[in-house]
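Working notes, structure below.
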There are 2 protein chains.
Amino acid sequence: MSYTYEYPRPALTVDCVVFGFDGEERALKVLLIQRKGEPYKNCWALPGGFVGMEEDLETAAIRELKEETGLSNIFLEQLYSFGQPNRDPRGRVVSVAYFALVKHGKHKKLHATTDALDARWFPIKQTPELAFDHANILKVALERLRGKLRYQPIGFELLPEKFPLSELRHLYETILEKTLEKRNFRKKILKMKVLKALDEHQQGVAHRAARLYSFDKEKYEQLRQRGFNFEL
Amino acid sequence: MSYTYEYPRPALTVDCVVFGFDGEERALKVLLIQRKGEPYKNCWALPGGFVGMEEDLETAAIRELKEETGLSNIFLEQLYSFGQPNRDPRGRVVSVAYFALVKHGKHKKLHATTDALDARWFPIKQTPELAFDHANILKVALERLRGKLRYQPIGFELLPEKFPLSELRHLYETILEKTLEKRNFRKKILKMKVLKALDEHQQGVAHRAARLYSFDKEKYEQLRQRGFNFEL
DNA sequence: TCAAAAGTGTTTCTGCTACACCCATGC
DNA sequence: GCATGGGTGTAGCAGAAACACTTTTGA
């Protein structure tokens, strides 16, 4: 079977930059797969692939992520489209990149599925050489993550459902690469009223157990519609 | 001549949302073209067209803009990619949308070129029915414009080289749809040191002539690199 | 001399920053 | 009882907001 057009067409792919935050190592990580086929065989790359003919772009991103890494049901948002004529040795390939956030703990075990040799988390500071222009895509994604983190409550997407405030702070400190004053951070975030204080505490820690909180998405939506702006 | 591929491929287009600010009417406007051919013949639409095979996405946007409206040398930035499977009746067409800002006065006269029946500025509040999903693209562009305006000095792209402070304020008031206190606006923007005060004043106004300013791009770049953040 | 917008300073108030000590818990 | 991080209050300061009058110019 083949398909014929009057004019040439670029191929269209999606690529996903999946970020996770490892609370234990206090490190921001990115999910990469090892390529099974040519080009860049065995090379590490962002998960992604060709867009189906009847498939929405976001749907394609979700599907590829599932196929190549086993991940599903995660925060996903379009990042940018990359279309340099020579970014792929096979010919003209335009890629719509997505940017995803996952609760790292939940997905520690990754499936290296049929489409990829391997799938692994890499600390953002120690990524291998990447295929295509993926290093650049990753760079853009990282800038976007840092930019959004301060103005939108997306940090919660990287944490488990229930978390102590200190973990949220560590996440901000790690990603923004600066330390935040403990008391002021607490005041600021609690004053926004987007966290639900739970009647639960940490367990099995060698010190006073911290209270757990959860992000109150409904409350946030209500506030946002009244013109409230999350900003940290 | 025809082109054959093993798998089907979506067609790829670029569309441009071009904003201009009309200082006299104090209105934000968008540039639309009237379609010459099917589908949506005679309907108003965003300028745009197919991406060439060896052509960078941004280059394609610049070229289409030139071809359909005569505009060139303007601020252009990628907005978002739209890929709903049924957004174009001709079949699967994915469009990378760009978002452009022009100095309205300079380009009051538009060429209705060979590719379009007509090209016109429409106040954002009074746009006609648009072809395809262009109404949605416009909506996304407008949100982006409002969002960026506060945190990046892009307002200047909509003004002439030299302008009085009041015009800059009117621009902000119009786009953000709220009034700004005259004295505080002046203080805030001047304190940033990104405006050059010129030794020129308005001419032919029926009241005290205001001093003209120009945006100092180099100064802004210097400040930005030292961690300064434009915010209004 | 009137109309219309330019231009200017000060006070008030809010909200951020900086900072040090006691508390609860597991080992 | 000690080490570890959890949790709290306040004083000082900077910057935003609010506000009214004088100046300049052309008609």
Side-chain angles (χ1 to χ4, degrees), chain A residues 21-26 149-151 159-160 162-174 176 178-214 223 226-232, chain B residues 21-26 149-151 159-160 162-174 176-214 223 227-232:
Chain A
F21 178 71
D22 185 329
E24 286 159 39
E25 297 181 25
R26 287 198 193 159
L149 197 60
R150 307 221 23 219
Y151 302 105
L159 290 182
K162 304 168 181 182
F163 52 86
L165 282 188
S166 56
E167 203 168 328
L168 184 62
R169 183 163 50 85
H170 292 319
L171 183 147
Y172 271 85
E173 291 182 332
T174 303
L176 300 179
K178 65 174 176 184
T179 57
L180 301 168
E181 219 274 329
K182 186 170 63 158
R183 283 165 288 193
N184 294 336
F185 180 87
R186 168 180 288 265
K187 263 181 284 182
K188 215 186 229 176
I189 193 91
L190 288 180
K191 197 170 38 160
M192 290 188 204
K193 309 268 186 202
V194 295
L195 289 187
K196 239 189 308 217
L198 305 174
D199 273 335
E200 288 179 69
H201 292 75
Q202 282 179 309
Q203 299 208 331
V205 286
H207 53 78
R208 176 173 175 181
R211 175 182 292 275
L212 298 181
Y213 291 82
S214 70
L223 290 171
R226 284 184 228 147
F228 158 86
N229 252 327
F230 182 92
E231 180 175 342
L232 212 135
Chain B
F21 178 70
D22 186 329
E24 286 159 40
E25 296 182 26
R26 287 198 193 159
L149 198 60
R150 308 220 25 221
Y151 303 106
L159 290 181
K162 304 167 180 182
F163 52 87
L165 281 188
S166 56
E167 204 169 326
L168 183 62
R169 183 163 50 85
H170 294 317
L171 183 147
Y172 271 85
E173 291 182 334
T174 304
L176 300 179
E177 295 184 323
K178 66 174 177 183
T179 57
L180 301 168
E181 218 274 328
K182 187 170 60 158
R183 283 165 289 193
N184 294 335
F185 180 87
R186 168 180 288 266
K187 261 180 287 183
K188 215 186 230 177
I189 193 89
L190 288 180
K191 197 170 36 160
M192 290 186 204
K193 311 268 185 200
V194 295
L195 289 187
K196 238 189 309 217
L198 305 174
D199 273 334
E200 286 180 69
H201 292 76
Q202 283 179 309
Q203 298 208 331
V205 287
H207 52 78
R208 175 173 177 181
R211 175 182 291 276
L212 298 181
Y213 292 82
S214 70
L223 290 171
F228 159 85
N229 252 327
F230 182 92
E231 181 174 342
L232 214 136

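All values derive from a computational prediction rather than experimental measurement. Here is how names work: the chains are called A, B, and so on, in the same order as the sequence lines, proteins then strands, and each is numbered from 1.
In this structure, CZ of Arg186(B) is placed 17 Å from P of dA17(D), rounded to the nearest angstrom. The separation between Phe185(B) atom CZ and dA6(C) atom C1' is 14 Å, rounded to whole Å. Across the protein-nucleic acid pair, Glu167(A) atom CD and dG6(D) atom C1' stand 14 Å apart, rounded to whole Å. Remark: P of dG6(D) and CG of Leu168(A) are 13 Å apart, rounded to the nearest angstrom. Rounded to whole Å, the distance from CZ on Phe163(B) to P on dA6(C) is 14 Å. Atoms CD1 (Ile189(B)) and P (dA17(D)) sit 14 Å apart, rounded to a whole Å. A straight line from CZ of Arg208(A) to P of dC22(C) spans 14 Å, rounded to a whole angstrom. When rounded to the nearest whole Å, the span between CD of Gln203(A) and C1' of dG5(D) equals 17 Å.
The side-chain heavy atoms of Leu223(B) and Phe230(B), taken from C-beta on, include no pair separated by under 4.5 Å. Considering only heavy atoms from C-beta on, His207(B) comes within 4.5 Å of Gln202(B) through its side chain. Counting heavy atoms from C-beta outward, Leu171(A) and Arg26(A) have side chains that stay 4.5 Å or more apart.
Taking a 6.0 Å sphere around CD of Glu231(A), one finds it holds more than 12 heavy atoms contributed by other residues, nucleotides or ligands.
Between the CZ atom in Phe163(B) and the OH atom in Tyr213(B) there is a gap of 9.5 Å [rounded to 0.5 Å]. Arg211(B) CZ to Ser166(B) OG: the interatomic distance, rounded to the nearest 0.5 Å, is 13.5 Å.
Comparing Leu190(B) and Val205(A) by the nucleotide of DNA chain C whose heavy atom lies nearest to each, the residue mapping closer to the 5' end is Leu190(B). For the pair Ala206(A) and Leu165(A), nearest-nucleotide mapping onto DNA chain D gives the more 5' position to Ala206(A).
Nearest to the side-chain atoms of His207(A) among the listed nucleotides dG7(C), dG5(D), dA5(C) stands dG5(D).
For the pair Arg211(B) and dA6(C), the criterion of a side-chain N or O lying under 4.0 Å from OP1 or OP2 is not met.
Of all the residues in residues 192-201 of chain A, not one reaches under 4.0 Å from DNA chain C with any non-hydrogen atom.
Without hydrogens or angle criteria, Tyr151(B) side chain to Asn229(B) main chain gives no donor-acceptor distance under 3.5 Å.
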Protein-nucleotides 9-16 of chain C N/O pairs closer than 3.5 Å?
residue, atom, partner, partner atom, Å
dG9(C), O6, Lys187(B), NZ, 3.4
dT10(C), O4, Lys187(B), NZ, 3.0
dC16(C), OP2, Lys191(A), NZ, 3.2

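Pairing each heavy atom of Met192(B) with each of Leu232(B), the nearest pair is CE-CD1, 4.5 Å. Scanning all heavy atoms of the two residues, the minimum distance from Leu149(A) to Tyr172(A) falls at O-OH, 3.2 Å.
On a pure distance criterion of 3.5 Å, no polar donor-acceptor pair joins the side chain of Lys182(A) and the base of dG5(D).
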